[in-house]
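Working notes, structure below.
Each chain gets a letter, A, B and so on, in the order the sequences are listed, and its residues count up from 1.
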Protein chains: 2
Amino acid sequence: MQRQGYVYNRAAATLRQHVSTAVALVINDLSNPFFAEFATGVDETLGAKGYVTLLGSSNESFARQRQVLGSLMEHHPAGIILSPAEASDATDIELMIGQQTPLLVFNRALIETQPTGFGYDFLGLDNRAGMCVATKHLLSLGHRRIVFYGGHADSSSCRERRLGYQDALRDANITVDESWMIETAPTRLEANAHADELFALNPAPTAAVCYNDAVALGLMLGLARLGRHPGADFAITGFDNIPEAAVDNPPLTTMNADPRARGRQAAELLLQRVANPSLPRRSVIVPVQLTQRESASPAPPTSA
Amino acid sequence: MQRQGYVYNRAAATLRQHVSTAVALVINDLSNPFFAEFATGVDETLGAKGYVTLLGSSNESFARQRQVLGSLMEHHPAGIILSPAEASDATDIELMIGQQTPLLVFNRALIETQPTGFGYDFLGLDNRAGMCVATKHLLSLGHRRIVFYGGHADSSSCRERRLGYQDALRDANITVDESWMIETAPTRLEANAHADELFALNPAPTAAVCYNDAVALGLMLGLARLGRHPGADFAITGFDNIPEAAVDNPPLTTMNADPRARGRQAAELLLQRVANPSLPRRSVIVPVQLTQRESASPAPPTSA
DNA sequence: CTGAAAGCGCTTACAG
DNA sequence: CTGAAAGCGCTTACAG
């Protein structure tokens with residue numbers, strides 16, 4: 001029985017029992033530390049509960065995401081955790097995975113072009129309230145001219161975060177100016193490159209809430225390039241709290257999303273549904289909390 | 001046949017054919033961008049060749065690595081790509097995965113306490129020659145007092161890189177001083193924290209070759225904290241070329257390991273062996289090339 | 001309570 | 001050349 005070299009064949013068991021011990025994890029961008037941390041958390045919890053992780057990365061390509069889902073489905077996973085590529089359509093994804101396999105969507109809403117009975121759970125961040133907190137933090141430090149910096153306006157998380165920014169400004173009786181929301185690709189490189197657009201504005205802003213940490217870190221580099229000193233003569237906040245945020249220069253004030261904990265949470269939510277498919281559909285929106293560090297400095301005394 | 005809802009059951013096919021279409025990928029630290037990029041490359045190539053990736057992360061824990069390998073083995077993967085946790089023992093790993101399943105070890109040598117017939121392929125970086133090139137680059141810029149900064153001396157890659165550093169110094173007739181090799185955990189945080197140790201040395205160094213990019217980026221922050229200007233009054237090189245290296249301030253001169261390409265290469269090597277198990281055991285050492293950016297600045301004119 | 005048989009969904013070797 | 005049967009390694013329902 002237990003003699004040399006025997007290895008249990010779980011595929012055979014799966015075939016017989018009609019219950020799989022694998023969970024598919026499809027990630028839009030594994031080279032982004034936010035999602036890498038998320039994946040680590042997912043794998044940690046799945047492993048602890050005796051499941052194995054089937055990985056697929058879509059690299060933000062919708063075509064590749066379809067292909068990856070199709071390939072993973074052939075392994076009949078017990079469930080799927082999907083961090084969708086931009087502009088993923090719900091109907092199309094339903095076509096790939098059917099109604100039987102539990103699905104948990106992370107971070108980004110699927111586009112629902114037509115109403116459908118397609119049921120899936122959702123885990124996301126409270127982007128709007130979070131960005132409102134970040135903006136209010138800068139307001140409380142005396143800033144009045146605050147830019148929303150970075151991100152693609154057509155992504156759902158960017159739209160939500162922009163709304164939170166506007167909520168905070170309106171509460172402070174500051175009129176929202178569309179040109180004070182600067183669009184960049186959500187990467188460090190692009191955020192760095194567009195830093196000069198900040199100072200084309202008149203009057204010049206004294207602070208920026210950034211779409212996410214990658215953008216904030218890029219903007220800090222761009223400011224330094226332009227002879228400014230983030231955390232001293234310009235205030236910045238990020239969003240996500242990736243590991244680098246704590247150790248950059250200056251350390252970044254940001255909204256803590258704790259991506260690894262979100263990964264563990266996603267795995268738990270999915271496994272709950274696997275255990276009990278008749279649960280009502282859930283949408284969990286996680287609050288994010290302000291982590292204060294040095295990058296959000298007080299506003300200079302008003303010179304007006 | 002192709003009517004609504006039918007999904008091919010690959011587990012059944014695997015059972016019958018005795019050939020699996022899954023490959024296990026075990027990563028020591030997925031939250032490190034170097035390995036996240038590597039994983040992306042592996043998944044990219046495996047996906048293109050019709051394989052699916054079974055992910056496991058060990059978080060540098062040998063115990064967890066055993067557990068993960070055991071769990072993945074039950075899925076009878078066609079092969080295994082292992083980026084081992086520190087101090088992984090070859091005999092122990094052989095015990096987990098047996099002699100049948102092709103194994104490709106990435107990046108770090110396994111510890112072979114006793115000679116054994118355990119066969120596996122290896123893909124690694126030419127750490128010694130690479131660090132020699134980095135050091136010679138600083139020498140060619142006029143530096144003579146160069147520190148080797150960061151990393152754990154008992155990791156194989158750190159040992160190899162230290163040897164390359166020493167090769168270069170000896171070629172330049174500079175005596176190697178043990179106290180000029182400063183040990184830190186290979187993280188940004190730790191590298192930042194130990195920066196002051198550089199200036200406890202007498203005479204003070206003018207440059208440092210860093211164990212890897214994370215360490216180099218941390219050291220740059222530490223230098224800035226101490227009022228120094230990396231790339232202006234202190235020269236730095238990294239190792240790996242992670243995406244951040246190009247966009248930090250100043251951009252980091254580093255040895256380009258191209259982790260995503262290494263991932264693709266690892267997948268290809270493994271699939272070659274899967275296709276042909278009788279191939280002789282291979283050990284592929286990839287040369288790394290100098291990528292010049294601004295962090296490696298010329299030495300100041302000698303004041304002696 | 002124990003043990004032999006049936007069957008999960010495929011593929012392959014064999015009979016017609 | 002086509003089609004029915006056997007079998008991969010498990011688990012479960014059933015017979016003894």
Side-chain angles (χ1 to χ4, degrees), chain A residues 1-26 46-56 66-80 94-103 270-271 273-278, chain B residues 1-26 46-56 66-80 94-103 270-271 273-278:
Chain A
M1 196 78 153
Q2 213 133 296
R3 71 182 195 210
Q4 284 294 33
Y6 168 77
V7 185
Y8 181 80
N9 189 331
R10 194 162 290 279
T14 297
L15 182 60
R16 175 65 235 245
Q17 293 178 112
H18 293 112
V19 291
S20 171
T21 179
V23 166
L25 171 65
V26 180
L46 289 181
K49 307 239 173 173
Y51 286 81
V52 78
T53 308
L54 289 166
L55 178 71
R66 284 191 68 151
Q67 182 182 322
V68 160
L69 282 172
S71 160
L72 294 177
M73 280 307 290
E74 295 190 347
H75 289 80
H76 291 245
I80 299 175
E94 179 184 15
L95 214 70
M96 293 309 296
I97 74 176
Q99 311 260 15
Q100 306 308 316
T101 313
L103 170 66
L270 183 77
L271 293 182
R273 168 147 325 273
V274 167
N276 183 359
S278 65
Chain B
M1 196 79 152
Q2 212 133 301
R3 71 185 195 205
Q4 284 295 32
Y6 168 77
V7 185
Y8 181 80
N9 188 328
R10 195 160 290 279
T14 297
L15 182 59
R16 176 63 234 245
Q17 293 178 112
H18 294 112
V19 290
S20 170
T21 179
V23 166
L25 171 64
V26 179
L46 289 181
K49 307 240 172 172
Y51 287 81
V52 78
T53 307
L54 291 165
L55 178 71
R66 283 190 69 150
Q67 182 181 322
V68 159
L69 281 172
S71 160
L72 294 177
M73 279 309 290
E74 295 190 347
H75 290 81
H76 290 245
I80 300 174
E94 179 183 16
L95 213 70
M96 293 311 295
I97 73 176
Q99 310 260 14
Q100 306 307 315
T101 313
L103 169 67
L270 183 75
L271 293 182
R273 167 149 324 273
V274 167
N276 183 359
S278 64

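For residues 68-77 of chain A, every residue pair satisfying the side-chain hydrogen bond (donor to acceptor under 3.5 Å, both in side chains) rule, not counting sequence neighbours, is listed here: A:Glu74-B:Arg10.
For the pair B:Tyr51 and B:Ala78, the tightest heavy-atom approach, listed with the atom from each and the gap, is CE2-CB, 4.0 Å. Contact detail for A:Leu72 and A:Ala24: the closest heavy-atom pair is CD1-CB, 3.8 Å. Across every non-hydrogen atom of B:Pro77 and B:Ser20, the tightest pair is CA-OG, 3.8 Å.
Within residues 15-22 of chain B, the residues approached by DNA chain D to less than 4.0 Å at the level of any non-hydrogen atom are B:Leu15, B:Arg16, B:His18, in residue-number order.
Checked by atom type and distance alone, the side chain of A:Thr101 never pairs as donor or acceptor with a backbone atom of A:Ile80 at under 3.5 Å.
Between C:dG7 and D:dG16, the distance separating the two P atoms is 16 Å to the nearest Å.
The closest side-chain heavy-atom distance from A:Leu103 to A:Glu94 is not below 4.5 Å. Taking 4.5 Å as the limit, some side-chain heavy atom of A:Leu270 sits within range of a side-chain heavy atom of A:Val23. In this structure, A:Leu46 and A:Leu271 have side chains that are in contact, with non-hydrogen atoms separated by less than 4.5 Å.
Stem list for DNA chain D (at least 3 consecutive Watson-Crick or G-U pairs, distances under 3.5 Å): C:1-3 with D:14-16, C:5-12 with D:5-12, C:14-16 with D:1-3.
Listed by chain and residue number, B:Asp43 satisfy the side chain to side chain donor-acceptor pair (under 3.5 Å) test with B:Thr53 (two or more places apart in sequence, or in another chain). With sequence neighbours excluded, no residue forms a side chain to side chain donor-acceptor pair (under 3.5 Å) with A:Thr14.
On the nucleic acid side, DNA chain C has its first and last nucleotide under 4.0 Å of a heavy atom of chain A at C:dA6 to C:dG9, going 5' to 3'.
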